[in-house]
There are 2 protein chains.
Amino acid sequence: MSDPKDKVETYDTTLRDGAQGEGITFSLDDKLKLAKALSDLGVDYIEVGYASSTPEDVEVFKRLRTASLGDTKIVAFGSTKKKNVSAESDPGIKAILETGAKIATLFGKSWTLHVEKVLGTTLDKNLEMISDSISYLRKKGLTVIFDAEHFFDGYAENPGYAFRVLECAREAGASTLVLCDTNGGSFPDQVGKVTAEVVQRFDCVVGIHAHNDSECAVANTISAVQAGARHVQGTINGYGERVGNANLISIIAGLYKLGYRTIEEDKMRSLTALSRYVARIVNERPNPRLPYVGERAFAHKAGTHIDAVLKTTRAYEHIPPELVGNVRRTLASKHSGKAAILNKAKEFKFEITEEQAESLTKMIKELERQGFEFENADASLYLRMAEHLGLYSPPFSVHNYVATDNANKYQSVGMEVQIGDEIVLTTAESRKGLVDALRKALDRALSSRFPDVTRIILEDFRVMDLDTEKSTEARVGVWVKSRCDSVTFWTIGVSSNMLRASLDAIEDSKKYGLLVLSGKIR
Amino acid sequence: MSDPKDKVETYDTTLRDGAQGEGITFSLDDKLKLAKALSDLGVDYIEVGYASSTPEDVEVFKRLRTASLGDTKIVAFGSTKKKNVSAESDPGIKAILETGAKIATLFGKSWTLHVEKVLGTTLDKNLEMISDSISYLRKKGLTVIFDAEHFFDGYAENPGYAFRVLECAREAGASTLVLCDTNGGSFPDQVGKVTAEVVQRFDCVVGIHAHNDSECAVANTISAVQAGARHVQGTINGYGERVGNANLISIIAGLYKLGYRTIEEDKMRSLTALSRYVARIVNERPNPRLPYVGERAFAHKAGTHIDAVLKTTRAYEHIPPELVGNVRRTLASKHSGKAAILNKAKEFKFEITEEQAESLTKMIKELERQGFEFENADASLYLRMAEHLGLYSPPFSVHNYVATDNANKYQSVGMEVQIGDEIVLTTAESRKGLVDALRKALDRALSSRFPDVTRIILEDFRVMDLDTEKSTEARVGVWVKSRCDSVTFWTIGVSSNMLRASLDAIEDSKKYGLLVLSGKIR
């Protein structure tokens, strides 16, 4: 397994091609977070974005240049120069240089249809555009990866020209030639054959970039690697234009199964957490049917299967779930079986009896029925369990509030909070909405007794509808991420009343934060 | 294309293996409906269920025997007999006969691990179980399809035994040998090689049954067909145990692309409707990212892609969407420039000048900067564009409102709405939250002038935070799906005040709905 020829470079394009997916946008903050997570995983390259010279773009690259990303390299993406300008004066090429990235991925046309009908230029002119653009960036000291757009469609229509495009890119100094199945319509046998031919004819790294329109993106990628490709591009969870890109998680796990090396073996087990983290960032509920890392990937429903898995897990599991940080579930136990609760109690350092485990499971199941999803809200789960076990009684509770929104001009809240034996009345105002006013009112009430409460910082706030078919009566879930000194944690509130759901999540944040401040939780 | 050797039998197991998926159950009525839909599509076989002798089971088979299912055949599923009984007295085998089905699919073990560790029997005894069960059903006049469970894992561990299992089934009279990748962990090259070997050694139809645990189920199926398999098993939308079965829709469409014959060509265009129909039956929201038939399968977001597709659709589409009954969509988004706006204007039937296109693009970009994402909110985009072009002036506007939440007990709203020259004051109350109260107040205000306004139904309501790092001051986006007679549409509101965002989306819903009611939009 340590044969260097089995090493395959991983190239993540979630931030660029993933953002082409419907409903997916990344804020500056999201981009930085995701880059950090990807470098923790140990991917070789992160394609940060289509270099555009916008202030946000400039800022992202600037911040990532100084971020500590280990061995992970950041890449700026762009197209070959426009047909009527020099590489030097092309705005896209300029934008790439402005990012300060040391590596650029340039895409160029390799399908005659695209050259003639889309670019509206000649086949020779296209070669010149590719050559000039790459040479210029090489002269400026950049490493250039060349994405041959529509390579497989181009090859099918005019193999000679498709190869001339690659030769031209290679001669101009591209270090890696990436074969793109841009329309996503290819099949593994064809991808394998064509890739093998390219690998045979070129002395550089050959890569593969697949889309999932035939539902074969992962298979096509693996087929290319088996044919000699040593650079794979994909996105976390397969987000991307149309039905999406090749899912980098399934690629990494699949290549591991086949004996190729990508990320470090001990990082494999962070794949499940990463998948769900990225889903959270793009505000999608994690897809339970994702191979390897989905909630159902190792969920057994058929009685015969459950039976067999208890005898020998290989009976119905292609890999041990722990390998990718996932867990086995048997569906008799629904989302939170007793085993999971026992496991959580241990994690929280609660010593519980068999009987308490039963009763905790029942309580959690009821909350899940109401819409609570504790998977991403450990701090709320901790509070509910500790309270149920009689190990914790909340230091305060909100008795009453009146929240008024005056036509979006300003919002005001009056609130009655019980703190120990004392009843505290407080008010707050905002121009940012009622949730902001509620938070302020609660902070004011608590600060008389707990002056440190302002050290509990709300860092992230997420809202998601839970049962959309109910129109304006739908329940919503609110997730709040908080930080207290160096401890970060998530809490949740659920209600058909968005305000109530928000306040519940904020109350849990303060309650858990006070435990952190008191030294009871680290 | 009419070469008989290119004909591939399609075998649907949605009702049996699909029902092993988490959260999936079919009522008697569902089963009959789905069988009808599948026979309309023209699949060759429908696996109705695991024969169990329950009254419902007996009833389903009884009804399907007399239903008009064209050339589609119904199949009863079961396992080879238990180790200590005769085939004649085995309850499972009896149940198969009781269904009255003329075709039975029997699954048997082909992996030594399963024979020894799960069945707890000897390799020879397992062969006898397979042989006896098939012979007995053949004697009773049934056609028998043999599913060799875990064939690829079995082959990897003990190829000799795996082949003996197939020989034994064939000698006992099985007409079709189906190679099952039960754990779903295989890859296309391996599946292709093993299938080719089986095809070479047996004179009967060879089939493939794949699961998606390596995200390769469709590719594995296609690889098997390319190696000579002529019988493919799968489920609609890939429902099934764990991450699911091979998606029969993608298999049919993929084989079509490769020149194999499955269903009639003119039935291809019903694939999209069938996919969504089955999603409704199993009560799942249709997955927008499904290849071929998903809502996003032909949705173009990148400006350069939209531009190119307008020139020649093959530029970014692997098949014409009409082929499978799907449609092309262009998404207005941050990634799209003037070309997308021009296209949208055309779609909306606005005739605009170059200058107007510039100014519309600028206006839309500004709204996008504020957080509007129009790609899922065409009706709001229509209203903004029509207003900007001077083609529309809103029939009402909300001047003012006061919204009060009394500690989650009840909510009340007072509202001032201008309708034409008139100012209407209205109030409403709710126990479901302020958004519900706002919607009611607006409905009441409008119904005086537009009695039909209640025909505009809010069907779906989505909330999403837009810039999470800002804690409680974060902006949220609210998307509302509405239906007005047969027209459905989405609108959007954005604000740091969740209430205001909700009200804006609801206002747009009513405005667009009134245009539909007036006959200006169909």
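Keep in mind it's a predicted model, so treat the numbers as computed, not measured. Both backbone and side-chain heavy atoms feed into the values below; hydrogens, waters and symmetry mates do not.
Within the 4.5 angstrom heavy-atom criterion, only side-chain atoms of B/T312, from C-beta onward, approach chain A. Proximity to chain A is limited to the backbone of B/E317, based on heavy atoms less than 4.5 angstrom apart. Neither the backbone nor the side chain of B/A253 comes within contact range of chain A, judged by heavy atoms closer than 4.5 Å. Looking at A/L290, only its backbone comes within 4.5 Å of chain B, counting heavy atoms on both sides. For chain A, the nearby part of B/Q411 is the side chain; its heavy atoms alone come within less than 4.5 Å. Only the side chain of B/K409 comes within contact range of chain A, judged by heavy atoms closer than 4.5 Å. Neither the backbone nor the side chain of B/H211 comes within contact range of chain A; no heavy atom of the residue lies under 4.5 Å from a heavy atom of that chain.
No other option in A/V218, A/D153, A/N497 has as many heavy-atom pairs under 4.5 Å with chain B as A/N497. When each of B/L258, B/D307, B/I319, B/L434 is scored by its heavy-atom pairs under 4.5 Å with chain A, the top score falls to B/L258. The candidate from B/C216, B/A299, B/A315, B/G120 with the greatest count of non-hydrogen atom pairs under 4.5 Å with chain A is B/A315. Top candidate by heavy-atom pairs under 4.5 Å with chain A, chosen from B/D213, B/L438, B/N406, is B/D213. Between chain A and the options B/A217, B/G185, B/G184, B/S79, the largest number of non-hydrogen pairs under 4.5 Å is found for B/G185. Per-residue counts of heavy-atom pairs under 4.5 Å with chain A were compared for B/E416, B/H305, B/E149; the largest is that of B/H305.
Checking side-chain atoms of B/K311 against main-chain N and O of A/H114 turns up no donor-acceptor pair under 3.5 Å. The main-chain N or O of A/L113 is never found under 3.5 Å from a side-chain atom of B/R314 such that the two would form a donor-acceptor pair. A donor-acceptor pair under 3.5 Å is formed between the side chain of B/K301 and the backbone N or O of A/G21.
Considering only heavy atoms from C-beta on, A/Y292 stays 4.5 Å or farther from B/V243 through its side chain.
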